[in-house]
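Each ligand, and each atom within it, is numbered from 1 in the order the structure gives.
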Amino acid sequence: MYKIAVLVSGSGSDLQSIIDAVESSYVNCSIKAVISDKPDVYALERAKSKGIETYVFDRKVYGKNISEEILKVTEGKVDLIVLAGFLSILSEKLIKIFSNKIINIHPSLIPSFCGNGMYGLKVHQAAIDYGVKFSGCTVHFVDEGTDTGAIILQQVVPVLENDTAETLQKRVLEEEHKILPKAVKLLAEGSVKIDGRKVYIGGV
Ligand code: GAR
């Protein structure tokens with residue numbers, strides 16, 4: 001069976017969307033590990049309550065060596081690493097070993113409002129401040145850059161005139177919870193082909 005590890009740093013609602021998709025058999029895979037770079041985050045409770053193995057590699061303790069710890073848990077053991085709100089930077093070594101086997105979800109339409117320092121509410125505030133009429137979310141492969149890897153799926157979300165970062169975040173999250181499990185499903189089924197920056201879904 002296709003095996004995944006999910007990396008988290010926060011509340012883990014994106015993780016929950018994958019757990020739910022596995023439980024409902026929408027996605028045929030097994031979540032082998034949930035790894036957090038912060039202790040005491042709610043994502044860990046979500047995993048533990050389902051009997052999923054959890055690991056904490058506190059970024060304050062491990063710093064740049066966090067990728068080595070992640071490799072010990074994942075190398076040769078999982079087919080895919082999913083970054084679900086994970087905020088530490090991964091090493092080039094890990095990214096090379098898991099080439100085209102790490103995906104990330106970002107709460108905007110990449111290449112807008114992404115890159116270093118762009119995470120969580122900051123992304124939505126930047127979209128509102130810029131005045132865009134549409135934002136959304138993106139699932140992409142992880143390469144050596146920040147949010148620069150090839151795009152797998154995107155979903156558009158309208159920005160409303162009275163939106164705050166919080167209200168926009170809420171509506172974008174609802175879409176994240178659809179496209180993230182969908183991306184995992186497509187990858188688990190072998191339906192994703194990558195050719196440079198272009199990603200083809202289905203029998204192409
Ligand atoms: C999600 O909105 C995810 O897209 C974002 O963090 C949130 C995690 O929420 N990721 C980034 O901003 C990465 N640059 P969650 O902990 O409830 O899943």
Enquirer: Can you tell me the protein heavy atom closest to atom 18 (O) of ligand 1 and the distance?
Expert: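 Of the protein heavy atoms, Asp14 N, 2.8 Å lies nearest.
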
Enquirer: Ligand 1 versus Val8, non-hydrogen atoms closer than 4.0 Å: side chain, backbone, both, neither?
Expert: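 It is neither; nothing of Val8 touches ligand 1.
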
Enquirer: Is there side-chain contact between Ile4 and Leu187, with heavy atoms separated by less than 4.5 Å?
Expert: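 They are not in side-chain contact.
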
Enquirer: For atom 16 (O) of ligand 1, find the nearest protein heavy atom and state the residue, atom name and distance (0.1 Å precision).
Expert: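 For atom 16 (O) of ligand 1, the nearest protein heavy atom comes out as Gly12 N, 2.8 Å.
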
Enquirer: Going by the atom numbers of ligand 1, which of them fall below 4.0 Å from some non-hydrogen atom of Met118?
Expert: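 It comes down to these atoms of ligand 1: 14 (N).
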
Enquirer: Using the test salt bridge (charged side-chain N to carboxylate O under 4.0 Å, His left out), find all partners of Glu189 that sit at least two apart in sequence or belong to another chain.
Expert: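 For Glu189 the salt bridge (charged side-chain N to carboxylate O under 4.0 Å, His left out) partners, ignoring immediate neighbours, are Lys185.
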
Enquirer: Ignoring angles and geometry beyond distance, decide whether Asn104 reaches within less than 3.5 Å of ligand 1 through its nitrogen or oxygen atoms.
Expert: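 Among all N and O atoms of Asn104, none is under 3.5 Å from an N or O of ligand 1.
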
Enquirer: Nearest protein heavy atom to atom 10 (N) of ligand 1, by residue and atom, and its distance?
Expert: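 So the nearest neighbour among protein heavy atoms is Ile105 O, 3.7 Å.
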
Enquirer: Is it true that, when you exclude Tyr26 itself, more than 12 heavy atoms of the residues, nucleotides or ligands shown sit nearer than 6.0 Å to its OH?
Expert: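 Yes, enclosed.
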
Enquirer: Nearest 0.5 angstrom please: Asp14 CG to Ile179 CD1, how far?
Expert: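 Atom-to-atom, Asp14:CG and Ile179:CD1 are 9.0 Å apart.
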
Enquirer: Can you list the ligand 1 atoms lying under 4.0 Å from a non-hydrogen atom of Ser13?
Expert: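 What qualifies from ligand 1 is 15 (P), 16 (O), 17 (O), 18 (O).
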
Enquirer: Will you find, in the side chains of Ser135 and His124, an N or O donor that is under 3.5 Å from an N or O acceptor?
Expert: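 Per modelled atom types, Ser135 and His124 side chains form no pair under 3.5 Å.
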
Enquirer: State plainly whether the residues Arg171 and Glu174 are in salt-bridge range, i.e. N to O under 4.0 Å.
Expert: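 Between Glu174 and Arg171 there is no salt bridge, as every charged N stays at least 4.0 Å from the carboxylate O atoms.
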
Enquirer: CD1/Ile19 to OG/Ser49 distance, rounded to the nearest 0.5 angstrom?
Expert: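 Nearest 0.5 Å value for the CD1-OG distance: 6.5 Å.
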
Enquirer: For Gln125 and Asp129, test the side chains for any donor-to-acceptor distance below 3.5 angstrom and give the result as yes or no.
Expert: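 The answer is yes; a qualifying pair exists.
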
Enquirer: In the protein, which heavy atom is nearest to atom 12 (O) of ligand 1, and how far is it?
Expert: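 Ranking protein heavy atoms by distance from atom 12 (O) of ligand 1, first comes Gly120 N, 3.0 Å.
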
Enquirer: Can you tell me the protein heavy atom closest to atom 8 (C) of ligand 1 and the distance?
Expert: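 Protein heavy atom at minimum distance: Gly85 CA, 3.7 Å.
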
Enquirer: Please report which non-hydrogen protein atom sits nearest to atom 11 (C) of ligand 1, along with the residue it belongs to and the distance in Å to one decimal place.
Expert: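 Checking every protein heavy atom, the shortest distance to atom 11 (C) of ligand 1 gives Pro107 CD, 3.6 Å.
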
Enquirer: Who's the nearest protein heavy-atom neighbour of atom 2 (O) of ligand 1, and how far?
Expert: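 Result for atom 2 (O) of ligand 1: Glu176 OE2, 3.0 Å.
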
Enquirer: Is there any N or O on Tyr119 that sits under 3.5 Å from an N or O of ligand 1?
Expert: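 Tyr119 vs ligand 1: no N/O contact under 3.5 Å.
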
Enquirer: Step through the shown structure and confirm whether more than 12 heavy atoms of other residues, nucleotides or ligands are within 6.0 Å of CG on Asp58.
Expert: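 It does: Asp58 CG has more than 12 such atoms within range.
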
Enquirer: Looking only at N/O atoms, are Leu173 and ligand 1 under 3.5 Å apart anywhere?
Expert: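 Not met; the criterion fails.
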
